Each structure stands twice: as C-alpha cells, then as structure tokens.
Amino acid sequence: MSKVRVRFAPSPTGGLHLGGVRTVLYNYLFAKKHGGDFIVRVEDTDQSRFVKGAEEYIFECLAWCGINADESVIVGGDFAPYRQSERKELYKKYAEQLVAAGQAYYAFDTPEEIETMRENRKAEGNGSLQYDAAVRMKMKNSLSLMPEETKAFLDAGKPYVIRIKVNENESVTFTDLVRGELHFENVNVDDKVLMKADGMPTYHLAVVVDDFLMKITHAFRGEEWLPSAPVHIMLWQHLFGLDNMPKWAHLPLILKPDGNGKLSKRDGDRLGFPVYAMDWTDPKTNEITKGFKELGFLPEAFLNMLAMLGWNPGSEQEIFSLDELVEAFTIERVNKGGAKFDYEKAKWYNHQWIQKLPIANYQKLVKEIFEEKGIEINNSVYFEKILNLVKGRCTLLPDFYEQASFFFRAPINWDIEAVKPKWTSEKKDFFNCFIDKIKQLETFTAETIETLFKELATEKNIKPGELQLPMRIMLVGAKFGPAVFEIAAILEKEETILRIEKALQIFEI
RNA sequence: GCCGUGUUGGUCAACCGGUUAAGACGCCUCCCUUUCACGGAGGAAUAACGGGUUCGAUUCCCGUACAUGGUACCA
C-alpha cells in the first residue's frame with residue numbers, strides 16, 4: 001500500500017471554525033497513525049471571496065494547536081505550489097481533455113439565462129431546478145449549438161464556463177469510510193461548472209486534480225460535501241481512474257447547542273462562547289470575533305474536546321493528549337450523526353488539562369494575563385507556587401487572576417458582612433495576640449501557623465473555626481481561595497501581619 | 001419542491017440480536033471543608049413513531065415524522 005497522504009483544504013475566507021479544526025485534527029490523526037503525510041492546501045479559487053490575512057491566520061491557528069503540516073504553503077514540499085490560485089494553469093488542461101472526450105462541454109449561458117431556465121422549470125412544476133441532462137439541449141452550449149456556432153462564440157471571446165456532462169442513465173456507488181456504501185442516481189446530479197468564466201477552476205475540478213497530483217490517499221471533509229461527491233467520482237473516473245481515487249470519509253457536522261443547525265459564528269456571539277480557534281479580526285469591519293485561545297483555553301484541551309465531538313475510543317477514557325489520540329484514533333469509530341457543541345463540556349476539558357499539565361506549560365500565558373492587569377511578576381518560582389496552589393479552582397486561564405491576584409495586591413475591600421455579625425472584642429484580642437506570637441515564630445509555614453493559631457484559640461477559649469473566616473477575610477478580602485494557613489505561608493510573615501493589622505482597623509466599629 | 005444524510009437521557013455517548021441500556025458533562029442531594037473550589041458517595045434523566053424479519057429487537061429491513069446538508073461561474 002502506498003504511503004498515506006491526507007490533506008486539509010481550507011479556503012481563506014475568514015476565521016477558522018471549530019469544525020474546520022476538527023477536520024484538521026482527524027486528518028492529522030489519521031495520517032500520523034498510519035505514518036503518513038499531512039498536507040495543507042489552500043483552496044483560494046474564488047477570488048471574490050478572498051479575505052486578506054485569512055490564510056496567515058489559519059496557519060497561526062494550526063501552530064497554536066501544535067499541528068504541523070508536512071507540506072504546505074509555509075513549509076513547501078515536493079508537490080508545490082500548495083495554493084490553488086498558483087496552480088491555475090494546471091486545471092484548464094484537464095477540463096479541455098474532458099471536453100475533447102465528450103465528458104464536458106462549453107456553456108455560454110448568462111446568469112440571467114440560467115435564472116430564466118430555473119423559473120421555467122419551476123413554472124412547469126418540475127421538482128428539479130438543475131442545469132442537467134433534462135435541459136442542457138435547450139441551453140446555449142457546445143452540445144446544443146452547431147460546432148461552427150460554438151467556434152464563433154469561442155473566437156469572439158464570448159465568456160464561457162466548462163460544465164461536466166453527467167449521463168443521466170448511470171449511477172454512482174462508492175464506499176464512504178464512515179457511512180458505508182453510498183449510491184447516487186445521476187438524474188439527480190447536475191452538470192456542475194468545472195471551469196469558471198474567469199479561468200479559475202471550481203472546487204469540484206480543483207480537488208480532483210490536486211488530490212491526484214498530490215497523491216492523496218484519503219480525503220476527509222465535512223458532510224456538506226456528500227451531495228457533490230458523485231461529481232468528484234465521475235471526474236476521477238474520466239481523468240485518473242477509480243483505482244487511483246482516494247478513499248472518502250464524510251465527517252459529521254458540529255451543530256449549535258440550542259435548536260438545530262450547523263454551528264456558526266453567530267451562535268457563539270449569541271450564546272457567549274467562542275467558535276473560532278483564535279481571535280479573528282475582520283479586515284473590513286475591524287470586528288473582532290473571540291477565539292478559544294484568547295479566552296484562556298489550552299490547545300491540548302481544545303483538541304481533546306474536538307476529538308471527542310464525533311469520535312470516541314470505545315473505552316471510558318476521555319482525556320487524551322495529541323499523541324494518545326494518534327494512537328487511539330480510528331476512522332471506523334467516527335460517528336455518523338452530527339454533534340451539538342457543549343460549551344460546558346469544553347470548559348471541563350480545559351479544567352482537566354489545567355490540572356494535568358505542569359504549570360510551566362502555561363505559566364507564561366498566565367503571567368501575561370497578570371501583567372495586562374497591572375501586576376508585574378518577577379519571581380517565577382514564587383509565582384509557580386501560587387499557581388499550583390490555586391489551579392484546582394481554575395477552568396480558564398484568566399481564572400488564575402481571579403483566584404490569585406490577592407497574593408500580589410492586599411485587599412482594599414473586605415467582605416465585612418461575613419465578619420461583622422460575629423465580631424467580638426475577644427476575637428479582636430485574639431488576633432492582636434496572634435500577631436505577637438507569629439512575630440516570634442521562626443519557621444513560618446502553613447503547619448506552624450496552623451498549630452500556633454489553634455493553640456492560641458484553645459487558650460482563648462474560642463473555636464478555631466470561628467476565627468478562620470475572619471482571618472481569611474483579612475488576608476484575601478473575600479470568601480474564596482485556598483486554605484488560609486497556606487495563604488499566610490505564601491504571603492510570608494511580614495505581609496500577613498500587615499494585612500491582619502490593616503483589617504483589624506477596618507473591622508473596628 | 002427535489003436529492004442526500006442522520007435520529008440512544010438536556011448534551012457528548014457505549015452497545016455492533018438476548019444487558020438491571022455503560023461512562024462523561026450539566027443538574028440535584030449528602031459527605032469533606034466553619035471560604036470558594038477540588039474530591040468522595042448517591043440521585044433524577046435516554047433508545048422519535050408505525051410496520052415487518054426473528055424464538056427474541058435499541059441493534060436488521062421498510063415506511064412516517066423530525067432534523068440537517070446540498071440544490072451557485074462558494075467552498
């Protein structure tokens with residue numbers, strides 16, 4: 001068997017959608033599982049939809065995910081160029097070959113004429129509005145025209161497209177890796193445009209030609225491509241032979257969490273979650289669409305979550321690293337039905353990965369978050385210690401700021417209500433004594449502080465528990481965070497005393 | 001409209017003819033913690049509908065319904 005070669009073929013028209021990343025992932029996993037190559041080919045055949053910066057952005061997203069292409073417009077490769085706009089001249093030859101073989105034809109119809117045809121068919125009560133065998137002899141093309149008329153049009157430079165000639169009496173059968181055997185009657189497939197009037201191929205021609213030229217062995221794409229698969233297969237049959245055709249796998253869609261339908265950017269805006277991998281700024285409107293990365297997701301979690309949306313290992317394992325996914329992935333276990341995106345579950349994955357990964361993996365990112373908020377971090381050992389202490393309560397990276405900023409900034413507001421109702425002069429006295437005692441403490445650790453605290457409480461005949469909450473409010477300002485004595489230990493003696501003294505004044509009524 | 005694909009709890013899902021129909025997220029209760037979490041123990045909650053095939057269907061087949069994708073000189 002020849003070497004496995006798969007490709008992700010994005011068109012650079014905007015932000016990189018969740019579903020796109022999952023397609024990348026499955027391609028990548030399959031390739032690596034089989035020791036094959038993963039290729040990224042840019043499908044920019046529609047010049048009218050070209051969006052500046054979109055291509056670079058897509059590669060940035062892949063880099064963030066840690067998925068590297070073996071061949072692409074960035075790294076090059078033996079089958080360059082990897083941008084279809086730069087391969088423009090290649091396609092025409094194949095289209096002409098099809099025309100010469102009677103498998104395709106020139107069509108001169110204007111958009112208006114096609115529109116009229118559709119209106120007529122609709123008026124006739126026809127179920128199909130396609131440009132197909134039923135109408136093609138009534139249209140203006142090299143099949144219906146006399147050869148000299150066609151020649152005259154061509155010579156006169158009349159704009160034309162090349163359409164595939166679909167034989168209505170035949171049918172197409174093929175095996176899809178996720179759906180099994182599929183069958184399509186040709187009557188239902190239309191004479192798709194292969195070459196556009198501007199000389200660019202359409203997707204239909206370009207994928208087939210490039211998949212052949214690039215020796216692609218397996219083609220994974222979204223389910224939305226299923227209806228046009230027969231056209232691609234016919235093209236393979238005509239041009240390169242079915243034996244050389246890649247194996248197809250049409251992946252299920254990722255659906256919106258509420259209601260139904262394909263997940264779109266709008267759903268994210270509406271429901272408050274990201275849909276794009278990374279922040280995307282529309283170059284025309286400057287509108288920013290939030291990405292998973294910027295919201296504080298770890299790539300490991302993002303990929304893990306995506307992998308499980310439409311695939312599962314058949315075991316109870318849910319947490320997978322990229323390498324583990326490569327190992328476990330099989331196309332047979334990809335589901336057929338679409339999956340609704342669940343943001344809560346996505347966050348759960350991130351929480352898991354925050355716990356699992358060493359702090360060092362994301363310390364730099366968290367540091368940036370702190371610095372954006374005006375807290376400079378200059379002791380990374382100290383910082384790491386803190387992050388380790390609070391990570392259990394963090395789901396997204398910015399949560400670290402919420403959970404740990406008090407280590408760097410003494411409280412300026414105190415949850416007085418949590419203390420006041422039970423505040424007594426005895427308690428005040430306790431804390432004053434406590435300060436004196438800890439001043440004499442030689443080793444200032446969570447354990448020694450706790451021992452001292454409890455001994456003193458017993459001595460003063462106050463339940464330690466009743467003092468812990470006030471102590472917490474003194475150090476943190478509010479009712480959250482790790483164990484109080486851990487906090488005190490990290491704050492160190494001097495700062496702990498300072499905060500208690502300050503709070504004591506505030507609690508004074 | 002036509003064509004394709006799909007349908008197990010609220011969500012992700014296992015099971016590939018015989019099960020008390022796993023597990024996870026979320027939700028609820030309790031425990032732990034006199035903070036917020038984590039964690040632990042429980043709980044509620046599922047095979048769209050109707051026909052077949054079969055000794056036996058969630059599993060296979062056919063309809064219906066619903067959903068979704070396509071129906072572009074977009075990918």
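Quick caveat, the model's predicted, so the values are computed rather than measured. Reminder, nothing fancy here: chain letters follow the sequence lines and each chain counts from 1.
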Asker: Would you jot down, in residue-number order, the residues of residues 327-335 of chain A having a non-hydrogen atom under 4.0 Å from RNA chain B?
Answerer: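 Contacting residues: A:R333, A:N335.
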Asker: Do other residues, nucleotides or ligands put more than 12 heavy atoms under 6.0 Å from the NZ atom of A:K422?
Answerer: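 Counting neighbours around NZ of A:K422, 12 or fewer heavy atoms of other residues, nucleotides or ligands fall under 6.0 Å, so no.
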Asker: Just checking, is any N or O donor in the side chain of A:N27 or A:R7 under 3.5 Å from an acceptor N or O on the other one?
Answerer: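 No.
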Asker: Got a list of protein N/O to nucleotides 72-75 of chain B N/O distances below 3.5 Å?
Answerer:
unit_1 : atom_1 : unit_2 : atom_2 : d
B:A72  : OP2    : A:R118 : NE     : 3.1
B:A72  : OP2    : A:R118 : NH2    : 2.9
B:C73  : O2     : A:A197 : N      : 2.7
B:C73  : N4     : A:D109 : O      : 3.3
B:C74  : OP2    : A:K196 : NZ     : 2.9
B:C74  : O2'    : A:D46  : OD2    : 3.2
B:C74  : O2'    : A:R49  : NE     : 3.1
B:C74  : O2'    : A:R49  : NH2    : 3.2
B:C74  : O2     : A:R49  : NH1    : 3.4
B:A75  : OP1    : A:T45  : OG1    : 2.6
B:A75  : OP1    : A:K196 : NZ     : 2.8
B:A75  : OP2    : A:Y203 : N      : 3.3
B:A75  : O3'    : A:E43  : OE1    : 3.4
B:A75  : O2'    : A:S11  : OG     : 3.0

Asker: Tell me, please, which residues at least two apart from A:W225 pass ring pair (Phe, Tyr, Trp, His ring centres under 6.0 Å).
Answerer: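 Result, ring pair (Phe, Tyr, Trp, His ring centres under 6.0 Å) vs A:W225: A:Y203.
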Asker: Produce the list of close N/O pairs, under 3.5 Å, pairing protein atoms with atoms of nucleotides 62-67 of chain B; give distances to one decimal.
Answerer:
none

Asker: To the nearest angstrom, how far is A:H183 atom NE2 from B:U5 atom P?
Answerer: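 It is 10 Å, rounded to the nearest whole Å.
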Asker: May I ask you to check whether A:F453 and A:F485 place their ring centers less than 6.0 Å from one another?
Answerer: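 Yes - the distance between ring centres of A:F453 and A:F485 falls below the 6.0 Å cut-off.
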Asker: Between B:A72 and B:C62, how far apart are the C1' atoms? Round to whole Å, please.
Answerer: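 So the two C1' atoms sit 35 Å from each other.
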Asker: Want to know the stems of RNA chain B: at least 3 consecutive Watson-Crick or G-U pairs with distances under 3.5 Å, which are they?
Answerer: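 Stems for RNA chain B, defined as runs of 3 or more consecutive pairs: B:1-7 with B:65-71, B:10-12 with B:23-25, B:27-31 with B:39-43, B:48-52 with B:60-64.
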Asker: Just jot down the salt bridge (Lys or Arg N to Asp or Glu O under 4.0 Å) partners of A:E324, sequence neighbours excluded, or say none.
Answerer: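 Partners of A:E324 by the salt bridge (Lys or Arg N to Asp or Glu O under 4.0 Å) criterion come out as none, since no residue qualifies.
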Asker: Measuring only the C1' atom in each nucleotide, how far is B:A21 from B:A57? A whole number of Å is fine.
Answerer: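 These two C1' atoms come out 13 Å apart once rounded.
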Asker: Would you say NZ of A:K502 has more than 12 non-hydrogen atoms from neighbouring residues, nucleotides or ligands within 6.0 angstrom?
Answerer: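 No, NZ of A:K502 has 12 or fewer neighbouring heavy atoms, counting only those of other groups under 6.0 Å.
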Asker: Take the protein atom CE of A:M305 and the nucleotide atom P of B:A13, then report the distance between them rounded to whole Å.
Answerer: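 About 13 Å, once rounded to whole Å.
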Asker: State whether the number of non-hydrogen atoms from other residues, nucleotides or ligands found under 6.0 Å of A:R266 atom CZ is greater than 12.
Answerer: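 No, not enclosed.
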Asker: By nearest nucleotide on RNA chain B, pick out whichever of A:L309 and A:E181 is the more 5' one.
Answerer: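 Checking each residue's closest nucleotide, the 5'-ward one belongs to A:E181.
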Asker: Test of understanding: with ring pair (Phe, Tyr, Trp, His ring centres under 6.0 Å), list the residues that count as partners of A:Y401, not counting sequence neighbours.
Answerer: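 Partners of A:Y401 by the ring pair (Phe, Tyr, Trp, His ring centres under 6.0 Å) criterion, ordered by chain and then number, come out as A:F370.
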Asker: Expressed in whole Å, how much space separates the P atoms belonging to B:C36 and B:C32?
Answerer: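 Taking atom P in both B:C36 and B:C32, they lie 14 Å apart.
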Asker: Rounded to the nearest Å, what distance is computed from the CG atom of residue A:L253 to the P atom of nucleotide B:C12?
Answerer: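 In whole Å, B:C12 P lies 13 Å from A:L253 CG.
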Asker: Is the glycosidic torsion of B:C38 within 90° of 0, making it syn, or is it anti?
Answerer: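 Syn, angle within 90° of zero.
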Asker: Check the distance between B:A13's P and A:Q317's CD and give it to me in whole angstrom.
Answerer: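 It is 17 Å, rounded to the nearest whole Å.
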Asker: Under 4.0 angstrom, heavy atoms only, what part of the nucleic acid is A:G222 near: base, sugar-phosphate, or nothing?
Answerer: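 No contact at all - A:G222 keeps every heavy atom at 4.0 Å or more from the nucleic acid.
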Asker: Would you say the ring centroid of A:F302 lies under 6.0 angstrom from that of A:F292?
Answerer: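 Here the rings of A:F292 and A:F302 have centres that are less than 6.0 Å from each other.
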Asker: Mind checking what makes ring pair (Phe, Tyr, Trp, His ring centres under 6.0 Å) contact with A:F212, not counting sequence neighbours?
Answerer: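 Applying ring pair (Phe, Tyr, Trp, His ring centres under 6.0 Å) to A:F212 gives A:F240.
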Asker: Between A:R49 and A:D46 (salt bridge meaning N to carboxylate O under 4.0 Å), is one present in this structure?
Answerer: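 Result for this pair is yes, salt bridge flagged.
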Asker: Just how far, in rounded Å, is P of B:G6 from CD1 of A:I254?
Answerer: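 Atom-to-atom, A:I254 to B:G6, this comes out as 18 Å.
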Asker: Rounded to the nearest Å, what distance is computed from the CD atom of residue A:E223 to the P atom of nucleotide B:G4?
Answerer: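 After rounding, the gap between these two atoms is 14 Å.
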Asker: Taking atom types as modelled, is there a side-chain donor on A:Y82 or A:D210 under 3.5 Å from an acceptor on the other?
Answerer: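 Looking only at side-chain atoms, A:D210 and A:Y82 do not form any donor-acceptor pair under 3.5 Å.
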Asker: With sequence neighbours excluded, tell me which residues meet side-chain contact (heavy atoms from CB on, under 4.5 Å) with A:V275.
Answerer: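 Per chain and number, A:V275 pairs via side-chain contact (heavy atoms from CB on, under 4.5 Å) with A:H17, A:L263, A:F273.
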Asker: Quantified in whole Å, what is the P atom distance between nucleotide B:A48 and nucleotide B:U33?
Answerer: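 To the nearest whole Å, 46 Å.
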Asker: Spell out, as yes or no, whether a donor-acceptor pair under 3.5 Å connects the side chain of A:E113 to the backbone of A:T110.
Answerer: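 Yes.
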Asker: Say we look at B:A67 and B:C73: how far apart would their C1' atoms be, to the nearest angstrom?
Answerer: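 Each nucleotide's C1' atom is 31 Å from the other's.
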Asker: Determine the Euclidean distance between corresponding P atoms of B:U11 and B:A47; express it in Å to zero decimal places.
Answerer: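 Each nucleotide's P atom is 12 Å from the other's.
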Asker: Given B:C2, is OP1 or OP2 found less than 4.0 Å from the side-chain N or O atoms of A:N188?
Answerer: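 It does not, given that no N or O in the side chain of A:N188 lies less than 4.0 Å from OP1 or OP2 of B:C2.
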Asker: Using atom C1' in both nucleotides, what's the gap between B:C15 and B:C74 to the nearest angstrom?
Answerer: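 Nearest-Å result for B:C15 against B:C74 at atom C1': 40 Å.
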Asker: Whole Å only: how far is the CZ atom of A:F341 from the P atom of B:A13?
Answerer: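 So the CZ-P distance, A:F341 to B:A13, works out to 13 Å.
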Asker: Is it the case that atom NZ in A:K247 sees more than 12 heavy atoms from other parts of the structure closer than 6.0 Å?
Answerer: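 At most 12 heavy atoms, drawn from other residues, nucleotides or ligands, come within 6.0 Å of this atom.
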Asker: Quick one: does any side-chain atom of A:R472 pair with a main-chain N or O of A:G481 as donor and acceptor, under 3.5 Å?
Answerer: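 Here the side-chain-to-backbone pair exists.
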Asker: Which residues pass the ring pair (Phe, Tyr, Trp, His ring centres under 6.0 Å) test with A:Y131, sequence neighbours left out?
Answerer: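 Here no residue qualifies.
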Asker: What is the distance, rounded to the nearest whole Å, between atom CG of A:N304 and atom P of B:A13?
Answerer: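 So the two atoms are 14 Å apart, to the nearest Å.
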Asker: How would nucleotides 21-39 of chain B be written as a contact map, 5' to 3', with B for base contact, S for sugar-phosphate-only contact and - for no contact, using protein heavy atoms under 4.0 Å?
Answerer: -SSBB--------BBBBS-
Asker: Using a 4.0 Å heavy-atom cut-off across all strands, classify A:L182 as base, sugar-phosphate, or nothing.
Answerer: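 Contact class for A:L182: sugar-phosphate only.
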Asker: Side-chain polar contacts of residues 184-198 of chain A - donor-acceptor pairs under 3.5 angstrom, sequence neighbours left out - could you list them?
Answerer:
unit_1 : atom_1 : unit_2 : atom_2 : d
A:E185 : OE2    : A:H183 : NE2    : 3.0
A:N186 : ND2    : A:N167 : O      : 2.8
A:D190 : OD1    : A:K192 : NZ     : 2.7
A:D190 : OD2    : A:K192 : NZ     : 3.4
A:D191 : OD1    : A:R136 : NH1    : 3.1
A:D191 : OD1    : A:V166 : N      : 3.1
A:D191 : OD2    : A:Y105 : OH     : 2.5
A:D191 : OD2    : A:R136 : NH1    : 2.8
A:K196 : NZ     : A:T45  : O      : 3.1
A:D198 : OD1    : A:M200 : N      : 2.9

Asker: With rounding to the closest Å, how many angstrom separate the C1' atoms on B:A13 and B:G9?
Answerer: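 Straight-line distance between the two C1' atoms is 10 Å.
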